[in-house]
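Data first, discussion second: the structure below is written as structure tokens.
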Amino acid sequence: MNLFADIHALVLTALAQMQSDGTLPADLDFSNVAVEPPRDALHGDMATNAAMVLAKAAKMKPRDIADALAIKLTADDRITSADVAGPGFLNLRLAPAVWLSIIPDALQAGNDFGRSQMGGGKKVNVEYVSANPTGPLHVGHTRGAVFGDALASLLDFAGYNVTREYVINDGGSQINTLARSVYLRYLEAHGREVSFPDGVYPGDYLIPVGQALKDKVGDAYIDQPEAVWLEEIRNYATDAMMDLIRADLALLGVKMDRFFSEKSLYSTGKIEACLEMLKKKGLVYQGVLEPPKGKAPDDWESREQTLFKSTDYGDDIDRAVMKSDGSWTYFAPDIAYHYDKLQRGYDELILILGADHSGYVKRMKAIVSALSENTVPLDVKLCQLVKLYKNGQPFKMSKRAGTFVTLKDVVDRVGPDVTRFVMLTRKNDAPLDFDFDKVLDQSKENPVFYVQYANARINSVLRKAKKAGMDVSDATLITADSSHITHDAELAVARKIAEWPRLLELAAKHNEPHRIAFYLYDLASDFHSLWNRGKEETDLRFLQEGEIATSQGKISLIRAVSVVISAGLGILGVTPMEEMR
RNA sequence: GGUCCCAUAGCUCAACUGGAUAGAGCACCUGCCUUCUAAGCAGGGGGUUGCAGGUUCGAGUCCUGCUGGGAUCACCA
């Protein structure tokens with residue numbers, strides 16, 4: 001199903017033959033031999049770097065290897081030509097029938113076309129969003145949510161066993177702030193006059209929470225000290241905020257497999273056990289930190305602390321795990337949390353963070369390295385900021401606390417599909433401009449609509465064919481005769497379709513879902529190009545008057561395009577549109 | 001000052017992780033609507049990939065040092 005993998009296997013077989021007949025020496029490393037689409041289509045259909053990669057070890061000239069390899073490869077009937085070019089590239093051309101064979105494959109697999117076994121069922125944990133449960137999600141969280149969710153789907157599609165996870169920071173002191181803020185709203189619901197000092201959350205979203213609390217407990221907490229209500233309201237408010245956050249995520253179509261409560265680590269002795277274990281390894285110790293390199297803070301004072309030896313694993317300084325009052329820092333439960341993840345048997349951990357957390361990457365990697373003894377990789381993906389615009393002008397957010405642009409604001413305005421696609425049209429580590437007007441623009445400048453429009457056009461042809469009484473069911477199209485598909489513009493589309501399984505694996509390998517968005521744009525472009533050529537070259541139209549077999553063959557090609565668009569959008573979490581009138 | 005990220009066409013961004021003559025879109029110029037959706041297509045001009053070295057068959061990509069921009073910087077999570 002992956003033509004590039006097929007030809008790669010063919011090249012390796014040919015190289016092995018060259019070894020056994022003495023053309024090449026016996027002990028060679030083929031792991032760097034690649035078969036890729038060439039940058040320039042004029043060079044051919046596929047190119048291999050085998051000759052250049054092996055030249056040094058084989059003590060031969062690249063071109064000599066390439067010449068010999070070319071002879072082997074052209075013996076295979078899938079290869080129509082193999083030309084040596086440049087410093088030793090071997091450019092291959094494949095028989096059109098080979099490319100066209102991808103069409104029934106795609107139609108047969110449907111939305112599973114491109115699904116890969118690459119992951120081999122390995123368990124991967126993707127942690128994303130993990131916003132503090134103190135309010136609704138805002139735009140910054142939105143990008144992380146979309147990225148993490150699409151990445152999780154991508155890995156699932158690539159054959160990994162994926163868990164989508166959200167850790168609730170419900171143990172820290174910010175929850176006390178939340179509880180006090182809710183208490184004020186509770187008093188307010190009772191008709192009390194209240195003011196909101198600095199350091200509490202003044203947002204309107206807590207008003208209904210205070211009201212609901214009043215409905216639940218009546219006047220039980222009025223004029224009572226914190227000792228009476230703090231713990232109760234902490235729990236109540238955290239639950240309310242998580243309901244809010246789950247509802248926000250649902251607006252985007254994001255559904256977590258697991259919500260992990262940080263607080264659950266506190267009462268169970270898990271933190272203590274985990275740190276004790278590290279202490280036995282000499283990785284937790286009492287010590288004094290050096291002042292930071294470079295400019296020391298004005299109020300620097302050296303003090304003895306309980307430290308985790310993250311410098312053993314590449315961090316810049318060791319990190320404190322306990323405060324001077326004896327309570328844990330945020331870092332201690334984080335260590336225990338990742339220990340918990342590892343105990344659940346994950347082969348790989350992925351963590352999605354906002355760019356403002358870049359300073360935590362080294363210590364997180366240090367934790368995972370230390371706890372797993374370097375057996376489990378952690379990949380941290382940082383999502384850069386989203387800059388909001390409205391009609392080209394920066395969208396002003398009021399600095400008054402509580403009036404930020406929320407995820408709900410964005411999704412209500414442009415819809416979940418547009419939000420998701422646009423958020424994935426940039427690499428995660430590049431800043432993203434999000435213009436409320438431009439993302440709704442219905443033109444090719446807007447990749448969302450360009451891709452959707454291609455799919456809509458294809459479905460339009462299918463409808464028209466059906467209306468004309470033609471059988472265009474997938475079952476029929478799978479067996480359609482594609483021998484009339486000979487034009488370069490048509491074969492270009494078939495080649496692009498054939499790239500999909502390979503692209504998917506590359507995107508999964510590098511944890512980069514944005515590659516799918518760019519690929520779909522390219523595929524749509526090849527399709528639109530073909531469509532338009534049909535205006536002048538009537539042979540290229542998909543519906544050929546009175547020639548049912550030919551029409552079905554051509555329609556099978558574009559139906560395969562539609563299949564890939566659906567599969568690709570499915571991974572991104574975007575619903576394909578069948579009609580756009 | 002330390003650490004991390006970024007710098008590619010006038011603008012917004014790609015470049016399959018070291019491959020060939022660095023590609024798209026926007027903007028600009030020239031064409032294409034009695035046609036399966038012109039919400040589109042074809043063609044043209046536009047580049048010392050921030051600067052200086054290095055590694056090798058080969059560098060936008062890797063290494064070193066600069067310049068400029070962003071983020072972050074000892075018990076707040």
Side-chain angles (χ1 to χ4, degrees), chain A residues 32 34 36-40 42-43 47 49 52-53 55-56 61-62 85-89 91 132 169 171-175 262 289-297 299-303 305-307 315-334 354-362 382 384-385 425-427 429-431 433 441-447 449-450 452-454 456-458 460-465 499 502-503 506-507 509-510 512 514-515 518-519 521-522 525 528-536 538 541-543 558 579-581:
Chain A
N32 288 324
E36 302 176 321
R39 273 192 184 172
D40 189 335
L42 292 175
H43 291 138
N49 61 355
M52 290 177 294
V53 171
K56 202 169 191 176
K61 288 178 187 167
F89 281 101
N91 290 328
N132 285 341
N169 292 119
S173 59
Q174 82 282 357
I175 301 297
E262 180 196 288
L289 284 181
E290 297 283 310
K293 285 171 190 163
K295 193 179 64 179
D299 56 349
W300 174 265
E301 52 179 276
S302 83
R303 64 171 88 86
Q305 295 172 291
T306 306
L307 299 167
D315 201 357
D316 306 307
I317 56 168
D318 292 340
R319 305 289 171 178
V321 297
M322 190 180 276
K323 302 180 195 173
S324 48
D325 67 1
S327 65
W328 300 118
T329 65
Y330 78 93
F331 192 50
D334 241 5
D356 55 341
H357 288 67
S358 61
Y360 308 139
V361 175
K362 283 185 178 177
L382 298 175
Q384 274 290 347
L385 299 177
T425 52
R426 280 296 100 94
K427 279 188 296 204
D429 54 4
D433 291 345
D441 192 24
Q442 305 198 344
S443 74
K444 79 173 292 194
E445 190 179 350
N446 183 356
F449 276 83
Y450 192 70
Q452 293 278 29
Y453 183 41
R457 272 184 158 173
I458 292 165
S460 165
V461 175
L462 290 171
R463 281 193 300 272
K464 183 143 183 156
E499 275 180 43
R502 178 175 178 275
L503 178 117
L506 282 168
K509 182 178 168 192
H510 297 108
E512 292 184 346
H514 77 273
R515 293 184 187 219
F518 283 102
Y519 167 82
Y521 184 85
D522 284 348
S525 177
H528 286 305
S529 178
L530 175 59
W531 171 287
N532 227 62
R533 293 188 74 145
K535 290 184 182 307
E536 291 184 356
T538 54
R541 295 187 190 178
F542 311 121
L543 285 172
I558 62 170
E579 197 172 7
M580 295 179 73
R581 289 197 182 273

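Naming: A, B, ... by sequence-line order, numbering from 1 per chain.
- Put simply, the side chain of A/His528 gets close to the backbone of A/Tyr450: a donor and an acceptor are under 3.5 Å apart.
- The side chain of A/Ala320 lies closest to B/C75, out of B/C5, B/C75, B/U72.
- Side chain A/Ser460 to base B/C36: no donor-acceptor pair is found below 3.5 Å.
- Applying the 90° cutoff around 0 to the glycosidic angle, B/C33 is assigned syn.
- One can place CG of A/Leu506 at 12 Å from P of B/G18, the figure rounded to the nearest angstrom.
- Applying the 4.0 Å criterion to OP1 and OP2 of B/C57, one finds that A/Lys56 has a side-chain N or O inside that range.
- Note that CD of A/Gln305 is 11.5 Å distant from CZ of A/Arg319, once rounded to the nearest 0.5 Å.
- Phosphate proximity of B/C76 to A/Lys323: absent, as no side-chain N or O sits under 4.0 Å from OP1 or OP2.
- When distances run from any side-chain atom of A/Asn169 to the nucleotides B/A14, B/A77, B/C57, the shortest one goes to B/A77.
- Whole-Å rounding puts the A/Tyr519 OH to B/A24 P distance at 17 Å.
- B/A15 atom P lies 11 Å from atom CZ of A/Arg426, rounded to whole Å.
- By the salt bridge (charged side-chain N to carboxylate O under 4.0 Å, His left out) test, A/Arg426 pairs with no residue at all, sequence neighbours left out.
- Counting distance only, with no hydrogens placed and no angle test, the side-chain atoms of A/Asn91 and the base atoms of B/A20 include a donor-acceptor pair under 3.5 Å.
- Protein atom CD of A/Glu36 is 12 Å distant from nucleotide atom C1' of B/A15, rounded to whole Å.
- A/Ser529 has a side-chain polar atom (N or O) that falls below the 4.0 Å cut-off from OP1 or OP2 of B/A42.
- The side chain of A/Phe518 lies closest to B/C13, out of B/C13, B/C16, B/U37.
- With distances taken from any side-chain atom of A/Phe89 to the nucleotides B/U12, B/G19, B/A38, the minimum falls on B/G19.
- Using a 4.0 Å cut-off, some side-chain N or O of A/Tyr450 falls inside it from OP1 or OP2 of B/C41.
- Remark: A/Arg515 is not in phosphate contact with B/U17, judged by side-chain N or O atoms under 4.0 Å from OP1 or OP2.
- Residue A/Glu512 contributes atom CD, which lies 9 Å from atom P of B/C16 at whole-angstrom precision.
- Syn is the classification of B/U17, since its glycosidic angle stays within 90° of 0.
- Between A/Ile317 atom CD1 and B/G1 atom C1' the separation is 14 Å, expressed in whole Å.
- At whole-Å resolution of the value, NE2 in A/His357 and C1' in B/A71 are 12 Å apart.
- Regarding contacts with the backbone of B/U3, every side-chain N or O of A/Lys362 stays at 4.0 angstrom or more from both OP1 and OP2.
- Distance CE/A/Met322 to CH2/A/Trp328: 4.0 Å, rounded to 0.5 Å.
- Residue ring and base: A/Tyr521 does not count as stacked with B/A24 (centre distance below 5.5 Å and interplanar angle below 30° not both satisfied).
- One N or O donor and one acceptor, one from the side chain of A/Tyr360 and one from the base of B/A77, sit under 3.5 Å apart.
- Between A/His528 and B/C36 there is no side-chain polar atom (N or O) within less than 4.0 angstrom of OP1 or OP2.
- The gap from the C1' atom of B/A14 to that of B/U49 amounts to 13 Å, rounded to the nearest Å.
- With both ends at atom P, the span from B/G60 to B/U21 equals 10 Å, rounded to whole Å.
- Side-chain atoms of A/Arg502 and base atoms of B/C16 include a donor and an acceptor less than 3.5 Å apart.
- Applying the 4.0 Å criterion to OP1 and OP2 of B/A77, one finds that A/Trp328 has every side-chain N and O outside that range.
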Pairing annotation in dot-bracket form, given for RNA chain B with Watson-Crick or G-U pairs under 3.5 Å and | for cross-strand partners:
(((((.(..((((.....[...)))).(((((.......))))).....(((((..]....)))))).)))))....
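- Atom CG in A/Asp318 sits about 15 Å away from atom P in B/A74, given to the nearest Å.
- The gap from the P atom of B/A22 to that of B/U3 amounts to 35 Å, rounded to the nearest Å.
- Considering only the side chain of A/Val461, B/C36 comes nearest among B/C75, B/C36, B/A14.
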